[in-house]
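Since the structure is predicted, the reported quantities are computational estimates derived from the model, not experimental observations. So you know, we letter chains A, B, ... as the sequences are listed, proteins then strands, and number each from 1.
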2 protein chains.
Amino acid sequence: MRPTIHDVARVAGVSLSTVDRVLNGRHSVRAATRDRVETAMRSLGYVRNAAAANLSRRRILRFLFLLPGGANSFMRNLEAEVLTYSRLLVADGVEVEVRTLPPFDAAALDDALAAIEPGTCDGVALVAVDSPGVRAAVRRLRDRNLPVVTLISDLTPELRAHFVGINNVRAGRTAGRLLGRFCGGTTGRIAVMAGSMVLQDHAERDRGFREVLRANFPALTPMDPIEAFDDAAIAERTLTALLEQTADVVGIYSIGAGNRGLVSALDRRGGRPPVVVHELTENSRGWLLAGKIDAVIRQDPAREARSALRTLVALSNGKAFHKDENRVGIEIFLQDNLP
Amino acid sequence: MRPTIHDVARVAGVSLSTVDRVLNGRHSVRAATRDRVETAMRSLGYVRNAAAANLSRRRILRFLFLLPGGANSFMRNLEAEVLTYSRLLVADGVEVEVRTLPPFDAAALDDALAAIEPGTCDGVALVAVDSPGVRAAVRRLRDRNLPVVTLISDLTPELRAHFVGINNVRAGRTAGRLLGRFCGGTTGRIAVMAGSMVLQDHAERDRGFREVLRANFPALTPMDPIEAFDDAAIAERTLTALLEQTADVVGIYSIGAGNRGLVSALDRRGGRPPVVVHELTENSRGWLLAGKIDAVIRQDPAREARSALRTLVALSNGKAFHKDENRVGIEIFLQDNLP
DNA sequence: CGCGTTTTGACTAACGTACCTCATTTTACC
DNA sequence: GGTAAAATGAGGTACGTTAGTCAAAACGCG
């Protein structure tokens with residue numbers, strides 16, 4: 001049988017109340033008494049029963065997720081995963097509200113954060129837009145002891161409790177090394193297609209990609225990024241034009257969405273250079289299997305949703321959470337290791 | 001406020017006892033009554049409070065992990081991860097016993113499974129060795145409603161509740177495709193180093209590797225596997241000999257452990273062909289960063305430990321567990337996407 | 001030493017569910 | 001219609017913790 005606070009009280013020679021006071025930092029307890037209680041806990045190997053504690057606290061944990069709205073398929077996917085996983089957590093007394101905000105709108109995020117009433121929420125996960133207002137709002141939440149987790153896009157580390165997402169520079173580097181190796185010693189130019197370089201994550205991937213090519217594959221020259229604004233038609237048109245004008249394209253890196261256009265453009269030509277894209281979708285999975293692209297790099301939105309939620313739960317329960325467990329990786333998929 | 005069984009009873013117009021009977025399938029309840037209760041549950045969106053239920057059941061969940069003993073570093077790693085994660089679960093009333101058995105010993109596994117006393121254990125995770133005795137023992141456990149999860153190595157699917165591990169044929173295919181691409185059109189032979197082809201997982205990886213080379217990279221010819229028995233000295237000696245005898249080795253695939261010997265052998269030569277190995281360790285991570293090898297393929301033992309434990313917990317609580325959540329992937333690491 | 005202040009103890013109700021007993025009602029069947 | 005059997009109700013206790021109240025004890029300080 002696991003020891004309970006009753007056992008701790010008995011061994012420490014104090015009352016239940018005192019154990020409770022030590023455990024929950026209530027009234028003042030003399031240092032000597034606290035020591036005795038803590039020693040007893042250690043010697044018994046006491047671990048607070050999380051189920052009983054939460055039950056007694058009659059506490060349901062309410063978390064707020066602030067995600068950018070709009071058509072961005074990655075974000076919609078992430079939203080769906082958050083909702084899916086939170087349904088599983090209902091049995092453990094967790095309630096999740098997902099609110100979508102105008103994308104890239106610091107003021108809207110700022111307002112949403114400021115509007116959080118004390119006592120109505122036990123933790124926040126947000127896709128950060130870095131601005132002084134947002135930083136101030138997050139700081140206020142932290143001062144209220146509300147755990148804040150950043151998702152996908154980070155803030156300064158001292159403001160948030162945990163960041164769930166990938167390092168996009170390293171994602172770009174990974175793409176660069178993969179494509180560099182796939183090009184196998186040929187010389188030529190690499191076409192780069194992005195959603196928009198205004199997006200921080202796209203810009204970071206682009207940077208990492210170029211770093212690696214410059215340092216490790218000097219025979220490959222990345223071209224200026226085409227901005228396709230995640231639109232298949234634009235992507236197809238501009239890429240087709242580029243391929244017609246440029247004879248020595250020996251590889252293609254697609255940083256964002258709009259890959260349908262990329263594939264159509266390539267389909268109409270005979271042969272194709274190595275292609276590396278981001279995000280695993282039904283489409284990109286099919287293209288990988290069909291041999292229309294060579295590798296997909298992704299961050300798993302399902303794991304990100306779960307990590308964010310688990311982190312919030314752990315922080316709210318005052319549990320140490322395993323950082324490693326809640327880290328998401330930069331995954332590489334070829335047609336053989338698809339999930 | 002979330003609805004409780006009291007609410008369900010009120011709405012259904014029955015007593016608490018009856019709701020309890022329906023919920024836990026105790027005495028006989030008339031179909032009509034059961035219907036009313038179930039309708040009430042649905043209309044209220046009732047979800048059983050897992051914390052309260054387990055508390056009341058004064059139930060601690062006891063799980064048994066049966067892992068192969070011996071020096072196999074992957075298994076030792078896995079064992080450590082199981083212990084680490086189970087420490088986190090203590091607060092939720094989970095107790096884990098890890099028992100190591102002689103490796104590849106079906107009889108020992110069989111005995112260990114048969115020795116499980118009813119009532120002393122709520123679920124088993126094992127690294128399966130397929131034999132009639134083991135299958136029978138697992139079937140008996142299943143008949144006792146004890147959830148059984150296979151780890152790393154599977155049994156026939158109908159016997160176990162879940163398998164946590166990777167498909168090694170696909171892992172080998174992944175290695176093959178990666179190495180094939182890295183070799184970039186050159187012609188020659190590929191050296192293959194395994195622990196022992198008696199190991200099923202090594203044999204499967206070898207098979208997948210060859211499949212891909214044959215189908216997609218006909219210019220690359222895999223050589224017969226060197227068996228190094230996970231021993232660095234043997235690996236170094238045999239690989240050195242092989243490289244001296246064979247001029248056209250254009251790639252190396254290491255299926256198992258003993259990579260220290262591989263790296264030493266390569267270190268003593270000028271230049272090296274592309275190298276793909278399995279398992280991410282402090283060593284292989286260092287070699288990747290130092291450019292001594294090109295890619296590492298792994299299954300994450302930490303995630304496998306967590307998945308097995310979470311699956312057992314979910315099954316014991318009668319919860320639907322998310323299959324996807326508890327699946328582990330075949331991960332590819334280059335020096336840029338290391339965790 | 002006596003005072004006021006801290007610290008501690010004893011006790012109680014509650015959280016939502018499980019599980020038990022005993023009594024009562026309803027049903028099925030002849 | 002009467003009987004046994006089945007179904008249901010009522011009520012209690014317990015799980016381990018939280019969170020309170022009130023009284024008693026110990027302490028610090030002049």
Side-chain N or O of [X] versus OP1/OP2 of [N]: is the shortest distance under 4.0 Å?
X: A:Asn24; N: D:dT18; answer: yes
X: A:Thr4; N: D:dG16; answer: no
X: A:Arg48; N: D:dT18; answer: yes

Measure [atom1]/[X] against [atom2]/[N] and give the value in whole Å, please.
X: B:Asp20; N: C:dT17; atom1: CG; atom2: P; answer: 10 Å
X: B:Tyr46; N: C:dG16; atom1: OH; atom2: P; answer: 10 Å
X: A:Arg57; N: D:dT18; atom1: CZ; atom2: C1'; answer: 7 Å
X: B:Arg26; N: D:dA6; atom1: CZ; atom2: P; answer: 19 Å
X: A:Arg36; N: D:dA26; atom1: CZ; atom2: C1'; answer: 13 Å
X: A:Arg30; N: D:dG28; atom1: CZ; atom2: C1'; answer: 11 Å
X: A:Asn54; N: D:dT17; atom1: CG; atom2: P; answer: 12 Å
X: B:Arg58; N: C:dA18; atom1: CZ; atom2: C1'; answer: 9 Å

From the options [options], select the nucleotide whose nearest atom is closest to the side chain of [X].
X: B:Ala53; options: D:dT18, D:dG16, C:dA18; answer: C:dA18
X: B:Ser56; options: D:dG16, D:dA26, C:dA18; answer: C:dA18
X: B:His6; options: C:dA10, C:dT17, C:dC15; answer: C:dT17
X: A:Ser17; options: C:dA10, C:dA18, D:dG16; answer: C:dA10

Item to check | Side-chain donor-acceptor pair present, B:Asn317, B:Arg48, cut-off under 3.5 Å | outcome: no

Checklist entry - Ion pair present between A:Glu95 and A:Arg62, side-chain N to carboxylate O less than 4.0 angstrom? => result no

Next on the checklist: Tell me whether B:Arg140 is salt-bridged to B:Asp143, with the criterion being a basic N under 4.0 Å from an acidic carboxylate O.
Outcome noted: no

Checklist entry - Per the atom types in the model, does the base of C:dG9 pair as donor or acceptor with the side chain of A:Arg21 at under 3.5 Å? => result yes

Checklist outcome for this item: When every non-hydrogen atom of A:Cys121 is compared with those of A:Leu146, the smallest separation belongs to O-CD2, 3.2 Å

Checklist entry - At under 4.0 Å between heavy atoms, what does B:Gly93 touch on the DNA or RNA strands: base, sugar-phosphate, or nothing? => result nothing

Checklist outcome for this item: Closest to the 5' end of DNA chain C, once A:Arg34 and B:Leu16 are matched to their nearest nucleotides, is A:Arg34

Checklist entry - Between A:Ser56 (side chain) and A:Ala53 (backbone), is there a donor-acceptor pair under 3.5 Å? => result no

